[in-house]
Protein chains: 2
Amino acid sequence: MQQTDFDLSGFTPYLLNQAAEAQSVDFSSIYKNRYGMLRTEWRVLFHLGRYGPMSAKEISTLANIHKTKISRAVRALGEKQFLARETSGTDRRVEHLVLRPPGHEAFDYLVEAAAEHERALSRKLGKQNVKTLKLLLKALASRQ
Amino acid sequence: MQQTDFDLSGFTPYLLNQAAEAQSVDFSSIYKNRYGMLRTEWRVLFHLGRYGPMSAKEISTLANIHKTKISRAVRALGEKQFLARETSGTDRRVEHLVLRPPGHEAFDYLVEAAAEHERALSRKLGKQNVKTLKLLLKALASRQ
DNA sequence: TGCTTATGGTTACTTTTGTAACTAACAAGG
DNA sequence: CCTTGTTAGTTACAAAAGTAACCATAAGCA
């Protein structure tokens, strides 16, 4: 690749961003419009729905999200009555986060929407291509 | 894909974000640390270096970036002495943005860094895989 | 010309994110 | 117990991004 020929539209970080943004518009509009949720809120909700009650710290570690972002997302989800916070009996610094019925409903709805999103993607690119794409993305995400 | 089996780590928007973020850390740290630039500033600088002088509106259209983001990036680049603004002779609303020597230097340095970034990526994934990846990302970015 | 509408660009305001400092609780060693 | 060091979580402040309203100029047209 010659310097003078370098084209931003073929630059991987740029392409990744464009693709991520385009995909995000599709999906994030769902949890934004329907539940007024932010991305971190969706991710926190997802972890609680998928893996059951856990602490903010556990989500932070599992999902690799900074604790301040988790803290804000948890508060927001609490205000929406999507989860309850129960102080741990063994360590009073820790709060166990538990989904409440509205949280479960939102989780179910969003997981189905996500699955549909994946099916649409498969129809668009083909099953094999999606598989390849995911493999490559995982390789990129794991920083060596 | 069954709902109860749905795994966020295999969800395409999530994977895209993780990959984009990981790649971004690699490259954005260069223009951030070396020049104190933001992503939009780098993109504006790139367009001026690659395609020559043009107006904010032209960059906005070409790069698909909102005009307020362009406006802020242009001001920042001006403060860094990376570009000059010349009011158009034919339309006094328009300013032609022209790179100044420090801007050219930064452009050259960053384009070379970007090229090296791409080479490293090729070594990591293999040339063919990078090609495939880009094709798929472009398909995703073009919203149908 | 005079009126309306559109365009390039900036500014003001709000929302979101990043960073660092902070509180409260625990843990380990003396 | 007391000191020192950690850890879970929150808060405060600063940086950044999104949105909408706002100038100034230009363009279209009666």
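Heavy atoms only: backbone and side chains are in, while hydrogens, waters and symmetry mates are out. Protein chains get the first letters and strands the later ones, always in sequence-line order, with residue 1 at the start of each.
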Chemist: Nearest whole Å is fine: how far is D:dG9 P from A:L83 CG?
Modeler: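 Rounded to whole Å, this separation is 13 Å.
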Chemist: Please report whether the ring centroid of B:F27 lies less than 6.0 Å from that of B:W42.
Modeler: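 When the ring centroids of B:W42 and B:F27 are compared, they turn out to be within the sub-6.0 Å range.
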Chemist: Please report the distance, rounded to the nearest Å, between CD1 in A:I70 and P in D:dT7.
Modeler: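 A:I70 atom CD1 is separated from D:dT7 atom P by 18 Å.
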Chemist: Starting from P on C:dT16, measure out to OH on A:Y31 and report it in whole angstrom.
Modeler: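 It is 12 Å, rounded to the nearest whole Å.
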Chemist: Can a side chain N or O of A:K69 be found less than 4.0 Å away from OP1 or OP2 on C:dG18?
Modeler: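 True: A:K69 side-chain N/O within range (under 4.0 Å) of C:dG18 OP1/OP2.
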Chemist: Side chain of B:T68, heavy atoms from C-beta onward: which of D:dA20, C:dA25, C:dG9 has the nearest atom to it?
Modeler: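 Closest of the options to the side chain of B:T68: D:dA20.
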Chemist: If each of B:V94 and A:R39 is mapped to the nucleotide of DNA chain C with the nearest heavy atom, which maps nearer the 5' terminus, i.e. the 5' end?
Modeler: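 Upstream on the strand: B:V94.
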Chemist: Do B:T12 and A:E118 have a side chain donor and acceptor closer than 3.5 Å?
Modeler: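 Yes.
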Chemist: Using whole Å, what does the distance between atom P of nucleotide D:dT7 and atom CD of A:E95 come to?
Modeler: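 Checked: the CD to P distance equals 19 Å.
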Chemist: Using only heavy-atom distances, decide whether a donor-acceptor pair under 3.5 angstrom links the side-chain of A:R93 to the base of D:dT7.
Modeler: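 Looking at the base of D:dT7, it does pair with a donor or acceptor on the side chain of A:R93 (distance under 3.5 Å).
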Chemist: For C:dG18, does the base pair up with any side-chain atom of A:R72 as donor and acceptor (N or O, under 3.5 Å, distance only)?
Modeler: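 Counting by modelled atom types and ignoring angles, a donor-acceptor contact under 3.5 Å is found here.
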Chemist: Look at the side-chain N and O atoms of A:R92 and state whether any lies under 4.0 Å from the OP1 or OP2 oxygen of D:dT7.
Modeler: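 It does not, given that no N or O in the side chain of A:R92 lies less than 4.0 Å from OP1 or OP2 of D:dT7.
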Chemist: In this structure, how many angstroms lie between the C1' atom of C:dT15 and the CE atom of A:M37, rounded?
Modeler: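 It works out to 17 Å between those atoms.
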Chemist: Ring centroid separation for A:H117 and B:F11, is it under 6.0 angstrom?
Modeler: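 They qualify: ring centres under 6.0 Å apart.
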Chemist: Quick one: on DNA chain C, does A:T90 or A:H66 contact a more 5' nucleotide (nearest heavy atom)?
Modeler: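 Closest to the 5' end, via its nearest nucleotide, is A:H66.
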Chemist: Taking atom CG of B:D91 as the centre, report whether more than 12 heavy atoms of other residues, nucleotides or ligands fall under 6.0 Å from it.
Modeler: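 Enclosed.
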Chemist: What is the distance, rounded to the nearest whole Å, between atom CD1 of A:I65 and atom C1' of C:dG18?
Modeler: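 In whole Å, C:dG18 C1' lies 15 Å from A:I65 CD1.
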Chemist: Specify the separation, in whole Å, of atom CG of B:N64 and atom P of D:dG18.
Modeler: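 Rounding to the nearest Å, CG of B:N64 and P of D:dG18 are 12 Å apart.
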Chemist: Classify the nucleic acid contact of B:K57 as base, sugar-phosphate or nothing, counting any heavy atom under 4.0 Å across all strands shown.
Modeler: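 Touches sugar-phosphate only.
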Chemist: Does B:S71 place a side-chain N or O at less than 4.0 Å from the phosphate oxygens OP1/OP2 of C:dG9?
Modeler: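 False: B:S71 side-chain N/O out of range (4.0 Å or more) of C:dG9 OP1/OP2.
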Chemist: What is the distance, rounded to the nearest whole Å, between atom CD of A:E58 and atom P of D:dT7?
Modeler: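 So the CD-P distance, A:E58 to D:dT7, works out to 15 Å.
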Chemist: Is there a side-chain contact between A:L99 and A:L77 (heavy atoms, below 4.5 Å)?
Modeler: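 Side chain of A:L99 against side chain of A:L77, heavy atoms only: no contact under 4.5 Å found.
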